[in-house]
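Shown next, in C-alpha cells, is the structure this report addresses.
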Amino acid sequence: ATLMLVFYVCCLHSCFIIFYVLSQSTTKLFIDGKFVESKSPEWLDIHNPATNEVIGRVPKATHEEMLAAVDSCSRVYHTWSETSILARQQIFLRYQQLIKDNIKELAKLITLEQGKTLADAEGDVFRGLQVVEHTCSITSLMLGETLPSITKDMDTYTYRMPIGVCAGITPFNFPAMIPLWMFPMGMVCGNTYLLKPSERVPGCALMLAKLLQDAGAPDGTLNIIHGQHNAVNFICDHPAIKAISFVGSNQAGEYIYERGSKNGKRVQSNMGAKNHGVVMPDANKENTLNQLVGAAFGAAGQRCMALSTAILVGEARNWLPELVERANGLRVNAGDQPGADVGPLISPQAKERVNSLIQSGVDEGAKVLLDGRNVKVKGYENGNFVGPTIVSNVTPDMKCYKEEIFGPVLVVLEADSLDDAIKIVNKNPYGNGTAIFTTNGAAARKYTHEVDVGQIGVNVPIPVPLPMFSFTGSRASFRGDTNFYGKQGIQFYTQIKTVTSQWKAEDATLKSPAVTMPT
Ligand code: NAD
C-alpha cells in the first residue's frame, strides 16, 4: 500500500510539472526562482511541427527582465560559489534522479514542440542526463594539483575556481541534451547560470529548471530568459557575464564568438556540420547499410552529427539500390504515433529550404534515387514532413553538398580509393563528425589519423562522445579553444589559482631583503 501511494504521488508530481509547462499558453521566464509572466509587448508563436497548430507563445524578454535575470545570477554568485562542493554535488545527485523519474514527460514535451519521435526524444533527454550524472563526480573533476618542496619549505598548489555568471544559448534540435551540456556543468563548478533556450522549443528548458529547483538548487542559481537577437546581444554585451556557451548554426555562432570575445568573455561555439560516412567495399554490408540509413534519417536529419553524406568507395557503389530500399522502408509520421521513424521538420521554412536544396541537386545534374518531397502523412497533412531522400551522382561543387541540409536527405558521392575519400572529407570546411565502415584495421587507422575531423566513428555512425570525454568538433564546426563537457568542460567553467607558500622554521628567518629575482 505504501508503494502504491508513493507511485501515485510520483505520477501526480510528473503530471503537475507537465501540466505546469503545457497548460500555460504563455511561456514563463524563470527569474530568481520564480516562473514569471513577461511584460513584453513582443511574443512569438510556438508550433507543433506535425500539425503547425499554435501550441503556445514565447516572449521576447524586455531589457528590464533580462537585467533582473542577470542581477539575480550576480547576487547569488557569492553564496553559491562558496557553498561546499559536497552540497552542490548532492543537488546534482538528486537532479539526475528527478530527470530519470520524469524522462517520459520530458520526451512528450520535446515531441510536441520539436517533432522528433518519442523514442528519439527519450534519447535526447538520456544523453543530457549522462552529463548530469557526470557532474556528480565533481569532487574528483575539480581537483587541483600540488607540488611539494619546490624549494626549501616552499610548496605550490592550484585551485580550480568558478568564474562568475555564465550564459548558454541553445538550438532547437536537442531541447534537453544541449541545455544539459551547459548549466549543470557550469553550476556544479560554482558558477551561476543564465540560459536562453531556442525560442522554437522553450518548454523543455523550463521543465528542467523546475526539476532543478525541486532538487534543491537555490533561487537565482539558474535564470532563464527568452528571445532572439536582442537577448543574444544582451548576453554578449553584459559585463557581469564571464563566459558564453553556444550551440547552433554558423551564422549565429560566429557572430556570438566575435561579439562575446571582443567583450572579453570566454566563448565556446559549437556549430554546423557536413558529416561524411565513408563506406569501404570490405565493410559488413548489412550493418553498414542499416547504420547509414539510421544515422542519415534519424531525427529527420536534424542532428549536428547526422551522417548526411555517404562516400561509396570502389565496389561499394553497387550497394546503392539496397540503400534506397532500406531508406524507403522507414515510416514517416508524427513523432507521437506508434512505429514512426521519421518525424517532421521544425518549420514550414525548414521544409521549403530542404526541398529547394534537393531541387538544386537536380538542377546541377545529380540524380534523386528516392524523393521524399511529396510525402503525405495521413491525418497530418499540414505538418512539415519530408520523407527520406537519397541524391546520388553528387560532386563536391554542388550546392546540396556544400550546404548543411539539416533534413532527411543523404547525398551520395563516389570515390575510387580511400585516399580519394580522405581528400574529399578534408576539403570540406566542416569538421564535426565522420565515420568509416570497414573490416580492415589498417584502413580504419589510416582514416582516423589522416582525416581532419573532431569526432570519428569506426563502424560507429554517430560517434558523440560520452561525458567523461568531450564533444570535440573542429574547423568550421567549432570556435573557441575549450570544448563542451568532460575535462574540457570543467576547464571552460573554471579558472586556476596557483598558490606558492612558504612556512619557514623560525631559525630560518631571512636576515636581509632579497632583491634579486627568486630562482
Ligand atoms: P540557430 O543558430 O538558428 O539558433 C541557435 C540559437 O541562436 C537560438 O537560441 C537562436 O535564438 C539564436 N540565433 C539564431 N540566429 C541568430 C542570429 N543571427 N544572431 C544571434 N542569435 C541567433 O540554430 P538552430 O537552427 O536552432 O539549430 C540548428 C543548427 O545547430 C545546425 O546548424 C546544427 O548543425 C547546429 N548544431 C550544432 C551542434 C554541435 O554540437 N556542433 C549541435 C546541435 C546543433
Side-chain angles (χ1 to χ4, degrees), residues 29 42 60-78 81 160-172 178-179 181-183 185-187 189-199 205 222-273 304 404 429-432 454 470-485 488-497:
L29 304 164
E42 287 184 280
K60 293 187 185 178
T62 64
H63 191 69
E64 290 68 34
E65 289 162 348
M66 295 194 285
L67 274 179
V70 85
D71 286 350
S72 165
C73 285
S74 300
R75 250 191 339 270
V76 173
Y77 173 68
H78 292 288
S81 57
R160 281 205 169 274
M161 309 296 282
I163 49 182
V165 180
C166 299
I169 301 167
T170 59
F172 79 84
I178 292 177
W181 284 0
M182 297 180 179
F183 68 81
M185 292 291 294
M187 286 173 64
C189 291
N191 303 290
T192 51
Y193 216 93
L194 179 68
L195 181 69
K196 192 211 83 68
S198 166
E199 64 280 14
L222 173 68
N223 284 275
I224 298 182
I225 56 172
H226 301 292
Q228 293 175 305
H229 300 65
N230 269 353
V232 166
N233 287 342
F234 175 85
I235 288 172
C236 291
D237 296 346
H238 197 291
I241 295 171
K242 302 296 176 212
I244 304 172
S245 297
F246 169 83
V247 178
S249 65
N250 280 65
Q251 197 195 6
E254 282 165 20
Y255 170 79
I256 290 166
Y257 184 83
E258 300 285 331
R259 188 158 175 160
S261 304
K262 232 178 236 168
N263 285 325
K265 303 178 198 311
R266 286 182 188 187
V267 186
Q268 52 178 189
S269 235
N270 263 11
M271 300 177 291
C304 68
E404 181 182 34
Y430 293 108
N432 208 38
S470 300
F471 189 102
T472 51
S474 67
R475 295 193 282 148
S477 300
F478 179 68
R479 286 269 209 126
D481 50 18
T482 318
N483 293 115
F484 279 80
Y485 64 77
Q488 297 207 26
I490 297 288
Q491 220 171 307
F492 183 78
Y493 287 122
T494 56
Q495 57 193 332
I496 296 182
K497 257 185 195 167

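For clarity, every value in this text was computed on a predicted model and none was experimentally measured.
Counting only residues at least two apart or in different chains, ring-ring contact (aromatic ring centres under 6.0 Å, His included) contacts with residues 225-254 comprise His63-Phe234, Phe234-His238. Residues in residues 235-261 take part in these salt bridge (charged side-chain N to carboxylate O under 4.0 Å, His left out) pairs, two or more places apart or across chains: Asp237-Arg259, Glu258-Arg479.
By the side-chain contact (heavy atoms from CB on, under 4.5 Å) test, Lys262 pairs with no residue at all, sequence neighbours left out. Partners of Thr494 by side-chain hydrogen bond (donor to acceptor under 3.5 Å, both in side chains), not counting sequence neighbours, listed by chain and number: Arg160. With sequence neighbours excluded, no residue forms a salt bridge (Lys or Arg N to Asp or Glu O under 4.0 Å) with Lys265. For Tyr493, the side-chain hydrogen bond (donor to acceptor under 3.5 Å, both in side chains) partners at least two apart in sequence or on another chain are Tyr193, Ser245. Residues passing the side-chain contact (heavy atoms from CB on, under 4.5 Å) test with Phe471, sequence neighbours excluded: Trp181, Asn270, Cys304, Met305, Asn432, Gln455, Val464, Pro465, Phe484, Tyr485. Listed by chain and number, the residues in a side-chain hydrogen bond (donor to acceptor under 3.5 Å, both in side chains) with Thr62 are Glu65 (sequence neighbours excluded). By the side-chain hydrogen bond (donor to acceptor under 3.5 Å, both in side chains) test, Ser72 is found to be paired with Asp32, Asn223, residues two or more places apart in sequence or in another chain being considered. For Ala68, the side-chain contact (heavy atoms from CB on, under 4.5 Å) partners at least two apart in sequence or on another chain are Ile31. Under the rule for a side-chain contact (heavy atoms from CB on, under 4.5 Å), the partners of Pro171 that lie at least two apart in sequence or sit in another chain are Asn173, Ile178, Val247.
Put simply, the side chain of Asn191 gets close to the backbone of Ile163: a donor and an acceptor are under 3.5 Å apart.
The shortest non-hydrogen separation linking Ala205 to Ile224 is O-CD1, 3.6 Å. The shortest heavy-atom contact between Leu29 and Ala61 is CD2-CB, 3.9 Å. Closest non-hydrogen pair, Tyr77 versus Gly190, comes out as CE1-O, 3.4 Å.
Interatomic distance, CD1 of Ile244 versus CD1 of Ile235, reported as 7.0 Å (0.5 Å rounding). In this structure, Cys166 SG and Gln268 CD are separated by 9.5 Å, a value rounded to the nearest 0.5 Å. Atom CG of Asn263 sits about 7.5 Å away from atom SG of Cys236, to the nearest 0.5 Å. Note that OG of Ser269 is 12.5 Å distant from OH of Tyr255, once rounded to the nearest 0.5 Å. We find the CD1-CG distance between Ile225 and Leu194 to be 4.5 Å, quoted to the nearest 0.5 Å. The distance from atom CE of Met182 to atom CE of Met187, rounded to the nearest 0.5 Å, is 14.5 Å.
In this structure, a donor-acceptor pair under 3.5 Å is absent between the side chains of Tyr257 and Asn250.
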